[in-house]
Amino acid sequence: MLESQFVPKDSESSIYEFWLKHDLFKADPESKAPTYTIVFPPPNVTGVLHMGHALTCTLEDILIRRKRMQGFNTLWVPGTDHAGIATQMVVERNLMKEEKKSRHDLGREKFLEKVWEWKEKSQETIISQMRKMGGSFDWSRLAFTLDENVSLAVKECFLRLYNEGLIFRDTAIIQWCPRCHTALSDLEVKFKEVPGKFWHIKYRLKGEPSQFLVVATTRPETLLGDTAVAVHPDDERYSSFHGKEVMVPLVGRAIPVVLDSYVDPKFGTGALKITPGHDPNDYIVGKRHHLPIISLMDENAILNQEAGSYRGLDRVKARQKVLEDLQNQQLLVKEEDHSHNVGHCDRCGTVVEPKVSKQWFVKAEELAQDAIRAVEKKEIRIVPEEWEKTYFEWMRNIRPWCISRQLWWGHRIPVWYCAKCEAVHVGLEAPKECSKCHHSSLKQDEDVLDTWFSSGLWPISTLGWPHESKDLNAFYPTSVLETGFDILFFWVARMIMLGMKMTGKIPFHTVYLHPMVRDEQGQKMSKTKGNVVDPLEISDRLGTDALRFFLSWNAFHGRDMRVSEEGVENCKFFVNKIWNASRFVLMHFSDVKESKIDLSNEINRWIWSRLNHIKEEVNRSLDQYRFFEAAQAIYHFIWSEYCDWFIEFIKSKEELELRKSSKESTAVQVLEEALRLLHPFMPFVTEKLWQEMPLRDQTKVSICITQYPETDKSKISQETEDKLGRVIRLIEQIRTTRGVHQLSPAVEITISVTSLVGEGLLKELIPFKELIKKLGKLKEIEFIQTEFPKETHLSVIMRDLKLFIPKTDLGDLTQELARKKKELVEKTEALRRAEEKLRNERFMNSAPQAVRDGVVKQKTELKREVEALQQYLEDLS
RNA sequence: GGGUGCUUAGCUCAGUUGGUUAGAGCGCCUCGCUUACACCGAGGAGGUCGCAGGUUCGACCCCUGCAGCACCCACCA
């Protein structure tokens with residue numbers, strides 16, 4: 001006997017332990033079964049899992065569990081990501097807080113020890129959270145992006161790309177974060193519109209201080225690094241300056257006026273200061289005109305010796321000082337408001353500084369070609385499909401990918417420089433000596449690689465690449481890559497590019513992009529806003545099954561998904577419903593020993609037919625990643641069909657006794673199948689209940705490895721569904737009538753039913769007489785084939801049936817009268833429309849047969865109903 | 001500046017190639033503690049499908065324009 005309630009907290013962990021004990025999630029590379037593989041997007045080891053992870057866990061587990069039940073050799077690879085900047089930042093912050101030390105105080109080695117400590121702790125937490133979510137991961141394959149084999153894969157990949165000339169080192173202007181002290185890739189810079197000012201500054205002509213041109217800038221402090229002023233060649237306002245030199249204000253350095261059509265004469269003053277060291281565009285213009293580059297700032301964005309007397313000031317203070325000085329020297333012409341886009345570090349929010357430095361780059365545009373083709377040719381399908389456009393858009397305009405980071409935490413770049421001749425050596429190991437000059441002193445590049453470089457290899461590195469491993473043979477290409485669309489470029493695109501380049505094969509055949517998790521108001525969840533809904537806290541209180549069901553129910557093919565505690569609570573009610581339905585069934589049928597299905601019974605035939613329809617729908621929906629549709633189908637079946645009608649049907653004393661004594665097993669078996677159908681969504685409660693089912697597959701230790709329900713077409717009977725549909729509708733109509741007349745359920749009424757279309761429909765109702773009486777709370781019901789009986793009130797007019805309720809049973813009729821009048825008007829109008837349609841020649845010529853038939857049928861029915869209504873109203877008055 | 005997506009019931013969203021009466025969950029209102037479940041049951045109200053045109057026998061669906069919202073990409077100083 002089951003407890004009266006399911007308490008998730010008490011059961012979940014022991015159920016998970018049970019699964020682990022039986023080793024149900026381990027994939028076997030030797031198995032002959034078809035494989036199904038998902039690599040879990042490795043969470044950063046920065047902290048705890050949030051709702052987005054919970055969603056990923058849930059959806060992927062649904063896919064995996066279903067495939068496992070379908071007999072696939074399933075592999076779900078768990079893992080975590082070292083997350084270079086993010087983790088280093090967290091640990092640095094922690095270090096500062098606890099020990100008041102910077103990472104430099106510790107030194108590289110000691111600091112890395114600290115990060116490893118952090119990683120161990122964080123990974124442990126993450127793993128326990130993934131278990132709590134019920135994830136059926138193959139824990140024997142747990143991976144981390146700094147694992148030995150992953151490192152080998154990273155080096156191998158780097159080496160191959162380098163040898164092909166797809167990785168190169170170059171001096172370039174890159175985005176620099178002065179807070180993280182590292183270069184960033186373009187993707188890691190987020191541009192935000194911020195209010196700023198436009199300062200107009202005088203640049204005097206060299207030798208003729210009375211003449212000057214005015215330059216407009218948003219960053220006056222960078223004028224210290226100006227190496228030219230550019231004007232448009234056709235801009236006549238400045239023709240007298242062509243070939244001349246102007247003086248940089250404050251520093252008194254002479255710089256040329258260059259002509260460049262990049263300058264937009266209509267913007268600002270039409271004269272543009274060129275600072276190649278601190279602006280990507282100026283850098284390009286500078287290159288064109290062979291201008292020198294002045295780097296004004298150090299890694300903290302503090303002005304250096306190039307800035308002369310401004311040395312030691314940071315960017316902000318330098319700007320103030322420069323403006324002050326300009327003002328004092330009357331070089332500041334005017335100041336106007338001007339909001340513009342400013343790049344911020346994606347991680348820490350600091351304003352980034354363009355900086356000229358030597359960095360490593362990947363020629364992404366070359367790798368992108370195959371990656372684009374794979375999606376074009378649908379070798380890789382992106383779901384929902386509209387993301388393909390975004391993917392193409394980005395891939396076709398892809399730019400070199402800066403992969404070197406001036407961090408300590410990450411994959412060290414596998415490059416060594418000769419201390420003597422500076423020759424570059426790229427390899428898996430440190431070379432013994434320089435291949436050029438045979439000098440033995442070589443120094444490894446100090447930098448590490450962008451985190452996404454190693455994540456980009458995740459599907460192959462976790463399976464053993466570059467080794468020809470069994471796993472790689474068996475499980476690669478993987479099946480589905482499921483993640484949020486926010487990392488489509490960061491991660492998905494790079495996996496496709498690197499995976500294809502390294503193996504010649506696509507890394508996965510489907511990319512499913514789930515919506516972003518938001519709060520109830522549709523706001524992004526963030527710690528600072530305080531609107532974070534913690535999945536673990538929710539799962540603790542309301543149960544993992546409820547949370548998972550909520551998440552799948554809401555995994556629409558949209559962009560946002562709103563999470564509310566209330567929503568999860570409603571799903572908890574569903575868990576409760578299943579629990580109680582199971583209790584009821586077990587209460588009466590726990591001694592059923594064998595399958596015994598009486599299909600001559602219409603109700604049995606009906607529920608089996610419905611079940612098989614639902615199985616079809618669930619499987620179809622899941623094949624299309626329409627989780628919400630599948631979840632809703634099961635919900636509706638269990639609650640509104642199995643519980644509300646089937647159980648209610650069989651609940652009558654006689655029916656129940658009959659079923660119990662004959663050991664008819666439909667109630668048990670339909671429920672058992674429904675549990676299996678639901679299991680991928682709600683693994684815990686379904687496992688617990690399944691273990692109690694008298695007719696489960698005893699050869700299986702757990703529901704996890706039972707067969708996933710497949711549609712049995714022979715059990716589908718549209719005829720039965722239609723017939724029961726009519727019975728259900730009749731009962732609903734009786735109840736409605738009751739409601740309309742405000743008759744309490746305690747009042748038992750008598751009704752007469754007459755058929756509008758002959759006796760066939762009445763006859764089919766006769767077997768359900770007792771049921772209709774019980775569920776409609778009727779004293780008596782009679783089926784008459786005669787015409788309209790005078791002494792009664794027609795209360796319900798359905799398509800094919802009229803229900804008559806004797807006057808004596810009814811109370812106030814005014815409300816009823818008004819309703820019927822309104823109904824008459826509506827139906828008459830509908831009838832007119834149908835008739836008009838049938839008179840329309842073009843409709844009759846071009847509409848499909850089925851549609852025309854439908855309209856004809858509708859017309860006949862409406863006509864009958866209208867007549868009946870008219871008669872009824874006449875009769876009343 | 002370019003691109004993408006959205007606008008359907010009070011809220012969150014479905015609506016599969018244009019075709020009979022546009023759906024679900026929640027919320028709301030009324031009634032009911034009926035021996036699986038009040039975490040429940042029964043019933044009900046609620047929509048001119050953002051606006052304006054067009055194509056069509058027929059449009060939530062296709063086309064054009066407009067409005068509003070969201071997101072992504074982009075170097076205009």
Side-chain angles (χ1 to χ4, degrees), chain A residues 2 4-5 186-187 191 198 215-219 222 230 262-264 266-269 271-275 279-284 338 340-341 343 354 384 386-387 389-390 393-394 397 485-486 488-489 516 520 522 553-554 556-562 564 566-567 569-588 620 624 626 628-629 632 635-636 640 643-644 647-648 651 732 735-740 742-746 775 777 826-827 830 833-834 836-837 840-848 850-859 861-862:
Chain A
L2 292 170
S4 68
Q5 282 200 11
D186 297 329
L187 278 178
F191 283 88
F198 219 12
V215 161
T217 182
T218 54
R219 297 201 59 194
T222 62
Y262 163 73
V263 181
D264 177 359
K266 289 192 282 295
F267 193 83
T269 60
L272 173 62
K273 66 194 259 324
I274 301 296
T275 321
D279 184 286
N281 295 306
D282 292 8
Y283 183 79
I284 296 164
H338 177 77
H340 58 142
N341 279 327
E386 60 258 26
W387 286 107
K389 287 181 194 146
T390 312
E393 186 69 18
W394 188 72
N397 298 304
F485 59 79
D486 53 329
L488 178 61
F489 306 144
M516 297 314 289
E520 266 173 290
W553 181 287
N554 286 283
F556 303 113
H557 280 186
R559 296 202 169 196
D560 301 337
M561 158 172 175
R562 302 185 183 202
S564 68
E566 199 188 1
E569 201 172 12
N570 286 320
C571 291
K572 190 191 127 198
F573 297 160
F574 181 46
V575 176
N576 185 254
K577 186 76 184 176
I578 297 161
W579 183 262
N580 278 299
S582 305
R583 265 182 9 128
F584 172 81
V585 169
L586 290 170
M587 204 178 279
H588 298 289
R620 186 177 2 99
Q624 298 169 0
R626 300 170 72 87
F628 57 99
E629 223 172 63
Q632 286 179 17
Y635 178 93
H636 184 260
S640 307
C643 292
D644 286 353
I647 290 188
E648 292 304 322
K651 223 172 165 185
E732 283 172 346
R735 288 169 174 170
T736 306
T737 307
R738 209 180 249 295
V740 166
Q742 300 188 314
L743 299 171
S744 100
L775 298 182
K777 288 240 180 240
E826 281 167 8
K827 295 247 155 104
R833 279 200 306 269
E836 193 180 348
K837 232 177 204 176
N840 187 319
E841 263 175 55
R842 274 186 278 192
F843 170 74
M844 294 310 283
N845 290 338
S846 40
V851 175
R852 275 179 293 155
D853 289 352
V855 176
V856 172
K857 197 177 158 209
Q858 187 198 5
K859 195 202 93 177
E861 284 166 5
L862 281 170

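By convention in this document, chain letters (A, B, ...) are assigned in the order of the sequence lines, proteins followed by strands, and residues within each chain are numbered from 1.
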What is the distance, rounded to the nearest whole Å, between atom CZ of A:Arg620 and atom C1' of B:U16?
-> 9 Å
For residues A:Thr390 and A:Phe485, determine if any side-chain heavy atom of one lies less than 4.5 Å from a side-chain heavy atom of the other.
-> no
Would you tabulate the nitrogen or oxygen pairs shorter than 3.5 Å linking the protein to nucleotides 10-14 of chain B?
from: B:U12; atom 1: OP1; to: A:Arg562; atom 2: NH1; distance (Å): 3.3

Nearest-0.5 Å distance, CG of residue A:Asp560 to CG of residue A:Asn554 | 12.0 Å
C1' spacing across the pair B:C71 / B:C76, given as an integer number of angstrom = 23 Å
Using the C1' atom as the reference point in each nucleotide, state the distance between B:A74 and B:G10 in Å, no decimals.
-> 40 Å
Does the side chain of A:Tyr262 reach to within under 4.5 Å of the side chain of A:Asn281, using non-hydrogen atoms?
-> yes
When rounded to the nearest Å, what value does the distance between C1' atoms of B:U56 and B:G3 take?
-> 32 Å
Is the shortest side-chain N to carboxylate O distance from A:Glu648 to A:Lys651 below 4.0 Å?
-> yes
Comparing A:Ser846 with A:Lys389, nearest RNA chain B nucleotide closer to 5' gives the residue A:Lys389
Between the side chain of A:Asn580 and the main-chain N/O of A:Asn576, is any donor-acceptor distance below 3.5 Å?
-> yes
Which whole-number value in Å describes the distance from A:Leu488 CG to B:G5 C1'?
-> 14 Å
From CA spacing to verdict: side-chain contact (heavy atoms from CB on, under 4.5 Å), A:Lys273, A:Thr275 = CA-CA 6 Å; A:Lys273 66 194 259 324; A:Thr275 321; 2.8 Å; yes
Whole-Å P distance, B:A14 and B:G5 | 15 Å
Could you check whether the rings of A:Tyr635 and A:Trp553 sit parallel, tilted or perpendicular, using 30° and 60° as the cut-offs?
-> perpendicular
Any side-chain heavy-atom pair from A:Arg620 and A:Gln624 closer than 4.5 angstrom?
-> yes
Looking for any heavy atom pair under 4.0 Å, which part of the strands does A:Pro848 touch: base, sugar-phosphate only, or nothing?
-> base
Partner of B:U64 under the Watson-Crick or G-U wobble criteria, both distances under 3.5 Å, comes out as B:A52
Rounded C1' spacing from B:C49 to B:U8 in Å = 4 Å
Side chains of A:Thr222 and A:Asp279: closer than 4.5 Å at any heavy-atom pair?
-> no
Distance, C1' atom - from B:U64 to B:G46, rounded to whole angstrom | 33 Å
Picking from B:G19, B:C26, B:U4, the nucleotide nearest the side-chain atoms of A:Ala847 would be B:G19
Hey, are the side chains of A:Ser564 and A:Glu569 touching, using non-hydrogen atoms and a 4.5 Å cut-off?
-> no
Nucleotide opposite B:A59 in a Watson-Crick or G-U pair, distances under 3.5 Å | none
May I ask which nucleotide in the shown strands pairs with B:G47, Watson-Crick or G-U wobble, both distances under 3.5 Å?
-> none
Would you call A:Phe556 and A:Met561 a side-chain contact if the rule is heavy atoms closer than 4.5 Å?
-> no
A:Glu841 CD to B:U56 P: how many Å, rounded?
-> 17 Å
A:Phe843 CZ to B:G18 C1': how many Å, rounded?
-> 13 Å
Any strand, both distances under 3.5 Å, Watson-Crick or G-U wobble: B:A77 pairs with none
Span that lies between the P atom of B:A45 and that of B:A59, in whole angstrom = 27 Å
Over how many whole Å does the gap from A:Arg559 atom CZ to B:U7 atom C1' extend?
-> 14 Å
Check the distance between B:U20's C1' and A:Lys857's NZ and give it to me in whole angstrom.
-> 9 Å
Nearest-nucleotide comparison on RNA chain B, the residue closer to the 5′ end among A:Arg842 and A:His636 = A:His636
Report yes or no: does A:Arg852 contribute a side-chain atom to a donor-acceptor pair with the main-chain N or O of A:Ala847 at less than 3.5 Å?
-> yes
B:C40: pairing nucleotide in any strand, Watson-Crick or G-U under 3.5 angstrom = B:G32
Is the A:Phe628 to A:His557 ring centre distance short of 6.0 Å?
-> yes
Between CH2 of A:Trp394 and P of B:A74 the distance, given in whole Å, is 9 Å
Among B:U4, B:C57, B:A24, which nucleotide sits nearest the side chain of A:Trp553?
-> B:A24
To the nearest angstrom, the CZ-P distance between A:Arg852 and B:C57 comes to 15 Å
Do A:Asn845 and A:Arg842 get their side chains close enough for a donor-acceptor pair, meaning under 3.5 Å?
-> no
The Watson-Crick or G-U wobble partner of B:G23, with both key distances under 3.5 Å, is B:C13
Protein-to-nucleotide contact annotation, 5' to 3' order, nucleotides 35-46 of chain B [B base; S sugar-phosphate only; - none; under 4.0 Å, heavy atom] | -BB-BSSSSS--
Spacing of the C1' atoms in B:U34 and B:A38 (rounded, Å) = 12 Å
Extract from the structure each pairing of a protein N or O with an N or O of nucleotides 75-77 of chain B at less than 3.5 Å, listing the distance.
from: B:C75; atom 1: OP1; to: A:Arg399; atom 2: NH1; distance (Å): 3.4
from: B:C75; atom 1: O2'; to: A:Asn281; atom 2: ND2; distance (Å): 3.1
from: B:C75; atom 1: N1; to: A:Asn281; atom 2: OD1; distance (Å): 2.9
from: B:C75; atom 1: N1; to: A:Asn281; atom 2: ND2; distance (Å): 3.3
from: B:C75; atom 1: O2; to: A:Tyr262; atom 2: OH; distance (Å): 3.3
from: B:C75; atom 1: O2; to: A:Asn281; atom 2: OD1; distance (Å): 2.6
from: B:C75; atom 1: O2; to: A:Asn281; atom 2: ND2; distance (Å): 2.9
from: B:C75; atom 1: N3; to: A:Asn281; atom 2: OD1; distance (Å): 3.2
from: B:C76; atom 1: N3; to: A:Asp264; atom 2: OD2; distance (Å): 3.2
from: B:A77; atom 1: N6; to: A:Asp264; atom 2: O; distance (Å): 2.7
from: B:A77; atom 1: N6; to: A:Phe267; atom 2: O; distance (Å): 2.9
from: B:A77; atom 1: N1; to: A:Asp264; atom 2: N; distance (Å): 3.3

